[in-house]
Structures are given as C-alpha cells and as structure tokens.
Asks: 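A single structure is presented below for examination.
Please read all numbers here as calculations on a predicted model, not as lab measurements. Starting from 1, each residue takes its place in the sequence as its number.
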Amino acid sequence: MAYDNRQYWPQLHERLKGQLKSVGHPFLSETLNRLKYQSEAAALEKVLRQAVDILKASGQQNIAFLDIGAGTGFWTELITNALVSEGFQVDASALDISSDALDVINERLPQVHGIKEDLAAVSPDKFCNSYALVSAFYCFHHLVRSKDFINAFRFAGSSVRNGGWFLVMDPVLTRPYSKFDVHDYYAYKGNGIPRHLYFVDDILAEVGLKRWAIQPAVSFVLNGCVEAPGPGSYFIMSKSWELLGRLFRSERATQTFSRIFVSLDEKLKQSNHSFSSSVCLYRKEL
Ligand SMILES: C[S@@+](CC[C@H](N)C(=O)[O-])C[C@H]1O[C@@H](n2cnc3c(N)ncnc32)[C@H](O)[C@@H]1O
C-alpha cells in the first residue's frame with residue numbers, strides 16, 4: 001500500500017487551505033464540490049431531524065457536539081447552526097489530524113474547540129461518554145488499514161453519551177457488487193476503502209450503538225459509484241463517472257450543466273439508485 005494517511009492529509013490541507021477541494025474531489029472544480037456538498041446537506045437534514053426531535057422531547061437544552069475529521073469545518077458549522085436554530089445551546093469541538101485544517105476552523109469558527117488527534121493512534125476511551133452528538137463525515141474510509149479503521153469507530157462510538165447520537169457519512173457498501181471487495185491488498189494505492197455496512201454495525205454494537213437510520217447521501221453522478229447490483233452496471237457507472245470527470249474539471253462547464261446534474265442526482269437518490277455514499281444515524285442505547 002503506497003498511501004500514507006498521516007502524510008497525505010496534512011499535505012493536502014497545506015496545499016489547498018480552506019477550499020472545499022481539500023476535503024472533496026481535489027482534481028475537480030470547486031463548483032462540482034459545492035453541488036456534492038449541497039446534495040449531502042439535503043440528505044443530512046432528513047436524518048438529523050430524527051435525532052433532534054428525540055433530543056427535544058427529552059428536554060435537553062445543552063448539547064456537547066464533536067465533529068471528527070472536520071476538515072474545513074463545513075459540517076461542524078452546518079450542524080452547529082442547525083442545532084442552534086432548534087433552540088439548543090451548543091458546545092462544539094472539531095477534531096482533525098491537520099494543524100492547517102484546525103487553523104482554518106479556528107479562523108472561521110472561533111467558538112469551536114480544535115482537537116489535534118490521529119484517529120489511528122488515539123485511545124478509544126479518550127472522550128468516553130462525553131458527547132450528545134458525534135459526527136464523522138468522509139473521514140473513516142480514508143483509514144485504509146483495518147486496525148486504524150476499527151480504532152476510529154471505537155473512539156467515535158465510545159465518545160457518545162448514553163442516549164446520544166452518532167452520524168456517519170461515508171461510502172458504505174450495502175449492494176452485492178463492489179470493485180473494492182476484490183482489490184489487491186499489496187498493489188492498492190488508493191486513499192480510501194469503503195467497508196460493508198454490517199462491519200460498521202458490528203464495530204459500533206461492541207461499544208453500545210445501534211443503527212437508527214440510513215439514507216443515500218449523494219448519487220454516483222456527483223460523487224462516483226462505489227457499488228452496484230452487479231459488475232455490468234458497475235462498469236457502466238464507472239465509465240460514466242470517468243466521462244463526467246472531464247466535464248467537472250471545468251468550472252464553467254459544471255456551472256452550465258449544473259441544473260441537469262442536480263435534478264438527476266435527486267431522482268437517483270429518491271429512487272434508491274444512487275450507488276455512492278450514505279448517511280447513517282446510530283444511537284447509544286440507554
Ligand atoms: C475527506 S476529508 C472530510 C472533511 C470533512 N468531514 C468534510 O466532509 O468536509 C477527511 C478529513 O479527515 C481528516 N483525517 C484523515 N485521516 C485522519 C486521521 N488519521 N486522524 C484524524 N483526522 C484524519 C483529514 O485531515 C480530513 O480533514
């Protein structure tokens with residue numbers, strides 16, 4: 001394996017400081033990255049609603065919130081604002097391996113506590129039972145070594161308080177076919193590996209969490225496919241993403257056709273044909 005997680009991310013944040021590209025698709029236009037985040041934000045809203053309603057019903061007013069692998073702080077800010085608009089007092093923290101990422105968050109969101117940690121090395125019990133809400137968006141699949149991936153999920157799960165919530169947005173596999181199921185361990189050079197949903201459920205069950213909801217976050221049209229009903233459909237979607245990638249490199253071309261892609265993305269998500277990332281909500285059982 002050529003990819004070194006501990007070098008890759010600090011270097012990328014240094015090079016593309018504060019840009020969505022630093023946390024989305026670094027070789028595609030900022031416009032494409034914005035469309036992808038908009039699609040994901042719409043999916044998050046539906047899932048977060050379920051947790052917010054129960055938090056409200058419990059009479060809780062103060063929420064300790066931790067965003068893991070926070071990057072530019074896009075989701076830290078969006079989730080904090082969503083909770084504040086529901087009347088909660090939010091004490092937000094953002095964790096990342098990159099000092100540059102944390103500097104950007106500190107400038108944009110001075111009220112957020114920055115935490116520099118490596119998820120591969122952090123003790124899973126470091127923040128045991130500390131947060132009513134923990135989120136981790138597009139971070140854990142970048143931990144390509146299995147032991148790092150498991151450590152990160154154990155850390156996230158055990159940081160959730162009893163009765164609290166964990167939101168994870170990532171490519172997780174739920175369909176019969178993915179090329180990631182058959183990649184060659186020794187030759188693999190990618191910076192991410194999607195894992196199966198049952199595997200994530202299993203790790204989180206060990207630390208007391210149970211899946212509450214799952215929803216398509218974005219479709220293969222705006223983010224590429226990670227899975228398919230079979231190898232034929234996988235091949236077609238991968239080739240389509242390759243062709244779209246050429247167009248998505250240009251800001252102007254992406255802007256010109258953006259309406260078409262947004263509408264297609266919505267339809268694919270609604271009909272459960274998105275074949276890309278998902279947003280999952282877990283709860284720590286009381
Ligand atoms: C694809 S970005 C996603 C950022 C943000 N959550 C978002 O969706 O916009 C992945 C983030 O995880 C962080 N990250 C990667 N490996 C990490 C590790 N081992 N420990 C802590 N953070 C890590 C990176 O620095 C980066 O900010």
Asks: What are the two closest heavy atoms between Arg6 and Ala120, and how far apart are they?
Replies: NH2-CB, 3.9 Å
Asks: For residues 103-115, which side-chain N or O atoms pair as donor and acceptor with protein atoms under 3.5 Å away, sequence neighbours left out?
Replies:
from, atom 1, to, atom 2, distance (Å)
Arg108, NH1, Thr72, O, 2.5
Arg108, NH2, Glu77, OE1, 2.3
His113, NE2, Asp91, OD1, 2.8

Asks: May I have the step-by-step check of side-chain contact (heavy atoms from CB on, under 4.5 Å) for Phe88 and Lys56, ending in yes or no?
Replies: CA-CA 9 Å; Phe88 295 107; Lys56 271 188 162 175; 3.6 Å; yes
Asks: Please report the closest heavy-atom contact between Leu102 and Ala94, naming both atoms and the distance.
Replies: CD2-O, 3.6 Å
Asks: Out of Ile236, Leu268, Val226, which residue meets the side-chain contact (heavy atoms from CB on, under 4.5 Å) rule with Phe220?
Replies: Leu268
Asks: Using 0.5 Å steps for rounding, measure from the CG atom of Leu204 to the CG atom of Leu209.
Replies: 5.5 Å
Asks: Within the 4.5 Å heavy-atom criterion, are Lys189 and His183 side-chain neighbours or not?
Replies: no
Asks: Any idea which heavy atoms bring Ser135 and Asp67 closest together, and the distance?
Replies: OG-OD1, 2.7 Å
Asks: Indicate yes or no for a side-chain donor-acceptor contact from Glu30 to the backbone of Glu251 under 3.5 Å, with no hydrogens or angles considered.
Replies: no
Asks: Is any side-chain heavy atom of Ser238 closer than 4.5 Å to one of Cys225?
Replies: yes
Asks: Just to verify, which of Ile214, Leu167, Val52 counts as forming a side-chain contact (heavy atoms from CB on, under 4.5 Å) with Val47?
Replies: Leu167
Asks: Does the side chain of Ser93 come within less than 4.5 Å of Phe127's, by heavy atoms?
Replies: no
Asks: Rounded at 0.5 Å granularity, tell me how far OH in Tyr198 sits from CD1 in Ile203.
Replies: 10.5 Å
Asks: State whether the number of non-hydrogen atoms from other residues, nucleotides or ligands found under 6.0 Å of Gln38 atom CD is greater than 12.
Replies: yes
Asks: If you count every heavy atom of other residues, nucleotides or ligands that lies below 6.0 Å from Lys179 atom NZ, does the total exceed 12?
Replies: no
Asks: Going by heavy atoms in the side chains, are Phe74 and Val23 under 4.5 Å from each other?
Replies: no
Asks: Do any N or O atoms from the side chain of Asp170 and from the backbone of His141 form a donor-acceptor pair under 3.5 angstrom?
Replies: yes
Asks: Between Trp241 and His25, what is the ring plane arrangement, given parallel below 30°, perpendicular above 60°, and tilted in between?
Replies: tilted
Asks: What distance do Leu173 atom CG and Asp181 atom CG have between them, rounded to the nearest 0.5 Å?
Replies: 6.0 Å
Asks: Which atoms form the tightest heavy-atom contact between Met237 and Ala228, and what is the distance?
Replies: CE-CB, 3.6 Å
Asks: If the threshold is 4.0 Å, N to carboxylate O, is there a salt bridge linking Glu40 and Lys36?
Replies: yes
Asks: Under a 4.5 Å cut-off applied to non-hydrogen side-chain atoms, are Phe137 and Tyr37 in contact?
Replies: no
Asks: Are Val221 and Phe275 joined in one hydrophobic group, where the rule is that I, L, V, M, F, W and Y side chains link up if heavy atoms are under 4.5 Å apart?
Replies: yes
Asks: Judged by atom type as modelled, is there a donor-acceptor pair below 3.5 Å linking the side chain of Arg283 to the main-chain atoms of Leu281?
Replies: no
Asks: Could you tell me whether Lys17 atom NZ has more than 12 heavy atoms of other residues or ligands within 6.0 Å of it?
Replies: yes
Asks: Quick one, Phe261 with Phe248, criterion ring-ring contact (aromatic ring centres under 6.0 Å, His included). Give me CA distance, side-chain angles, the key distance, then yes/no.
Replies: CA-CA 11 Å; Phe261 293 121; Phe248 289 150; 5.1 Å; yes
Asks: May I ask you to decide whether Glu266 forms a salt bridge with Lys269, counting only side-chain N to carboxylate O separations under 4.0 Å?
Replies: no
Asks: Starting at CZ of Phe140, measure out to CZ of Phe155 and round the result to the nearest 0.5 Å.
Replies: 8.0 Å
Asks: Before you tell me yes or no, could you show the steps for Leu28 and Thr254 under side-chain contact (heavy atoms from CB on, under 4.5 Å), namely the whole-Å CA-CA distance, both residues' side-chain angles and the distance that decides it to 0.1 Å?
Replies: CA-CA 10 Å; Leu28 302 182; Thr254 313; over 6 Å; no
Asks: Is it the case that one hydrophobic cluster holds both Leu197 and Val279, taking links as side-chain heavy atoms less than 4.5 Å apart, direct or via other members?
Replies: no
Asks: Write down the atom of His142, the atom of Tyr138, and the distance for their closest heavy-atom approach.
Replies: CD2-O, 3.1 Å
Asks: Do Val134 and Trp212 land in one hydrophobic cluster if side-chain heavy atoms of ILVMFWY residues count as linked below 4.5 Å?
Replies: no
Asks: What heavy-atom pair brings Pro10 and Asn5 nearest, and what distance separates the two atoms?
Replies: CD-O, 4.2 Å
Asks: Decide side-chain contact (heavy atoms from CB on, under 4.5 Å) for Ser250 and Ser29; before the verdict, give the C-alpha distance in whole Å, the side-chain angles of both, and the deciding distance to 0.1 Å.
Replies: CA-CA 6 Å; Ser250 150; Ser29 62; over 6 Å; no
Asks: Consider only side-chain heavy atoms of I, L, V, M, F, W and Y, link residues closer than 4.5 Å, and tell whether Ile54 and Tyr282 are in one cluster.
Replies: no
Asks: Please check if the side chain of Asp96 supplies one atom and the backbone of Ala70 the other of a donor-acceptor pair under 3.5 Å.
Replies: yes
Asks: Using 0.5 Å steps for rounding, measure from the CZ atom of Arg249 to the CZ atom of Phe27.
Replies: 9.5 Å
Asks: Please work out whether the ring planes of Tyr3 and Tyr8 are parallel, tilted or perpendicular, with thresholds of 30° and 60°.
Replies: perpendicular
Asks: Are Leu44 and Trp75 packed together at the side-chain level, in the sense that at least one heavy-atom pair is separated by less than 4.5 angstrom?
Replies: yes
Asks: Mind checking whether Leu12 and Ile68 sit in one hydrophobic cluster, side chains of I, L, V, M, F, W, Y counted as touching below 4.5 Å?
Replies: no
Asks: For the CG atom of Asp202 and the CZ atom of Phe153, what is their distance to the nearest 0.5 Å?
Replies: 11.5 Å
Asks: Mark yes or no for whether Glu227, through its side chain, and Thr174, through its backbone, hold a donor-acceptor pair below 3.5 Å.
Replies: yes
Asks: Indicate yes or no for a side-chain donor-acceptor contact from Asn151 to the backbone of Val122 under 3.5 Å, with no hydrogens or angles considered.
Replies: yes
Asks: Check Val218, Val172, Val168 against Ser277 for a side-chain contact (heavy atoms from CB on, under 4.5 Å) and give me the one that passes.
Replies: Val218
Asks: What class does the angle between the rings of Trp9 and His13 fall in, given that below 30° is parallel, 30 to 60° is tilted and above 60° is perpendicular?
Replies: tilted
Asks: Might you confirm whether atom CD of Gln89 has over 12 heavy atoms from other residues, nucleotides or ligands at distances under 6.0 Å?
Replies: no
Asks: Between the main-chain N or O of Leu119 and the side-chain N or O of Asp148, is there a donor-acceptor pair closer than 3.5 Å?
Replies: no
Asks: Carefully, step by step, assess Val90 and Ile79 under the rule side-chain contact (heavy atoms from CB on, under 4.5 Å).
Replies: CA-CA 10 Å; Val90 184; Ile79 293 174; over 6 Å; no
Asks: For Ala205, what residues pass the side-chain contact (heavy atoms from CB on, under 4.5 Å) criterion, not counting sequence neighbours?
Replies: none
Asks: For the side chain of Asp265 and the backbone of Ser219, is there at least one donor-acceptor N/O pair under 3.5 Å apart?
Replies: yes
